[in-house]
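Beneath this line is the structure, given in structure tokens, with notes to follow.
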Number of protein chains: 2
Amino acid sequence: MTDEKIDDVDKAILYALQEDARNMSSGDIAERTGTSDSTVRKRIQRLESDGVIKGYSASVDYQKSGYPLRMLLYCTAAIPERGDLVSDILAIDGVVSVQELVTGEQNLLVTAVGETDSDVTPVAQELLDMGLTVADEVLVRSHETTPFGKFNSKTQTGDDS
Amino acid sequence: MTDEKIDDVDKAILYALQEDARNMSSGDIAERTGTSDSTVRKRIQRLESDGVIKGYSASVDYQKSGYPLRMLLYCTAAIPERGDLVSDILAIDGVVSVQELVTGEQNLLVTAVGETDSDVTPVAQELLDMGLTVADEVLVRSHETTPFGKFNSKTQTGDDS
DNA sequence: GATGAAATATATTCTAT
DNA sequence: ATAGAATATATTTCATC
């Protein structure tokens, strides 16, 4: 709940951990920020307990791991709302992400991954069982992410070499 | 290029690293898989060099870090295609993800993050400068991700307690 | 916040199965 | 391809300034 008190050192930490959460040590980040590793470690702990850092995750190439199908499912919640609707959707096997959209109708964007269509069909079924209407399904050909540029003090173009 | 040879141990490794890429040691994963830590380390190295693991990234709550605006920009590529179009888009400041969609018209889904609308407007402008048409913009209220259930041998519901 | 030393954990290399 | 043992390195924890 202690929002907004993110200074440049915090941003540099967030950027570094977005670049490589597994191999970036506190000492490495300390060099970048001109602080000490113990300071960095304390900052990280604070960012974690404040919920600014939600976790650390490996980004997997699902295509190469044998799950070439990535699907976007646009859903409409028929029932007004339930508290843990998002959690329930995340628990569906094959779902990797849920986003609440601020459009009137299609207010949930669910991303599902699978081997074939027959993996995604039951996901859609489970969503229906929850009282959701699947308004549209879109296949994703590729998906790439990048660290957030505004956490990087040096350049604002995404290039930090 | 060595796809498809992902066995159960690999899946367990991927799942573990999706759960916590920073604090999950090779030894921890070895316990789960009933193998040794040296085996796990070699597997991870292979998964990394094969590109199955693309990287390790901290998931940041942009809202709590002072960037409450998350926007989906649906784009159409006017020019047929260019090889590094996606890379160029990822390099735009504020862009955190690009997905190629397999629909006819709106074939690119760009996710941008910012402090206010005035952070997202220049992103749309840069996309235009690249020859892209921004067909639609959708505000995202929340965004959550989860490890891929099919990497988890135990349960297929997303719950592993 | 920063520093330094002790304790712990982790990674690397090599050897063997 | 996996596991084990030894060494080297890195990281965390804690006391201190």
Side-chain angles (χ1 to χ4, degrees), chain A residues 1-61 64-67 147 151-154 160, chain B residues 1-60 64-66 147 150-154:
Chain A
M1 302 306 173
T2 39
D3 293 21
E4 298 294 333
K5 308 174 329 201
I6 307 289
D7 64 14
D8 287 344
V9 175
D10 291 322
K11 288 183 187 175
I13 291 171
L14 293 173
Y15 192 82
L17 292 176
Q18 282 194 325
E19 281 189 299
D20 191 341
R22 189 166 175 81
N23 305 304
M24 191 77 65
S25 72
S26 300
D28 294 334
I29 304 173
E31 283 185 34
R32 294 187 178 199
T33 55
T35 59
S36 75
D37 55 339
S38 64
T39 299
V40 170
R41 222 173 283 112
K42 283 179 194 171
R43 294 284 194 121
I44 291 176
Q45 286 181 340
R46 207 202 66 210
L47 291 167
E48 286 174 350
S49 58
D50 285 359
V52 177
I53 296 173
K54 291 187 286 185
Y56 308 95
S57 181
S59 23
V60 173
D61 189 322
K64 289 186 178 168
S65 59
Y67 298 93
F151 286 151
N152 192 12
S153 40
K154 285 182 279 191
D160 62 322
Chain B
M1 306 310 170
T2 40
D3 292 19
E4 299 294 333
K5 307 172 331 200
I6 307 290
D7 65 13
D8 287 344
V9 175
D10 290 322
K11 288 182 188 175
I13 291 170
L14 293 173
Y15 192 83
L17 291 176
Q18 283 194 325
E19 282 189 298
D20 191 342
R22 188 165 175 83
N23 305 304
M24 191 78 64
S25 74
S26 299
D28 294 334
I29 305 173
E31 283 185 36
R32 293 188 177 198
T33 56
T35 59
S36 75
D37 54 339
S38 62
T39 298
V40 170
R41 241 188 301 280
K42 282 178 190 169
R43 294 283 194 121
I44 292 176
Q45 286 181 341
R46 207 202 67 211
L47 291 167
E48 285 174 349
S49 58
D50 286 358
V52 176
I53 295 173
K54 292 187 286 186
Y56 307 96
S57 182
S59 26
V60 173
K64 288 187 179 169
S65 59
K150 293 188 191 302
F151 286 151
N152 192 13
S153 40
K154 285 181 278 189

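Reminder, nothing fancy here: chain letters follow the sequence lines and each chain counts from 1.
Residue contacts shown for A/S25 are limited to sugar-phosphate atoms, with no base heavy atom under 4.0 Å away.
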Report, one pair per line, the protein and nucleotides 12-17 of chain C atoms (nitrogen or oxygen only) whose separation is under 3.5 Å.
none

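With sequence neighbours excluded, no residue satisfies side-chain hydrogen bond (donor to acceptor under 3.5 Å, both in side chains) with B/S57. Here A/S26 pairs with nothing under the side-chain hydrogen bond (donor to acceptor under 3.5 Å, both in side chains) rule; sequence neighbours left out. Under the salt bridge (Lys or Arg N to Asp or Glu O under 4.0 Å) criterion, B/R43 pairs with B/D7, B/D10, sequence neighbours left out. Applying the side-chain hydrogen bond (donor to acceptor under 3.5 Å, both in side chains) rule to A/Q45 yields no partners; only residues at least two apart in sequence or on another chain are considered.
A salt bridge links B/E19 and B/R32; the closest N-O separation between the charged side-chain nitrogens and carboxylate oxygens is under 4.0 Å.
If B/V9 and A/S26 are placed on DNA chain D by their nearest nucleotide, the residue sitting closer to the 5' end is B/V9.
Taking 4.0 Å as the cutoff to heavy atoms of chain B, we find the contact window on DNA chain D bounded by D/dT2 to D/dG4.
Not a single donor-acceptor pair under 3.5 Å links the side chain of B/R22 to the backbone N or O of B/Y56. Under the 3.5 Å distance criterion, the side-chain polar atoms of B/D50 are left unmatched by any main-chain donor or acceptor of B/L47.
Expressed to the nearest 0.5 Å, how far CG of B/D28 lies from CG of B/D20 amounts to 9.0 Å.
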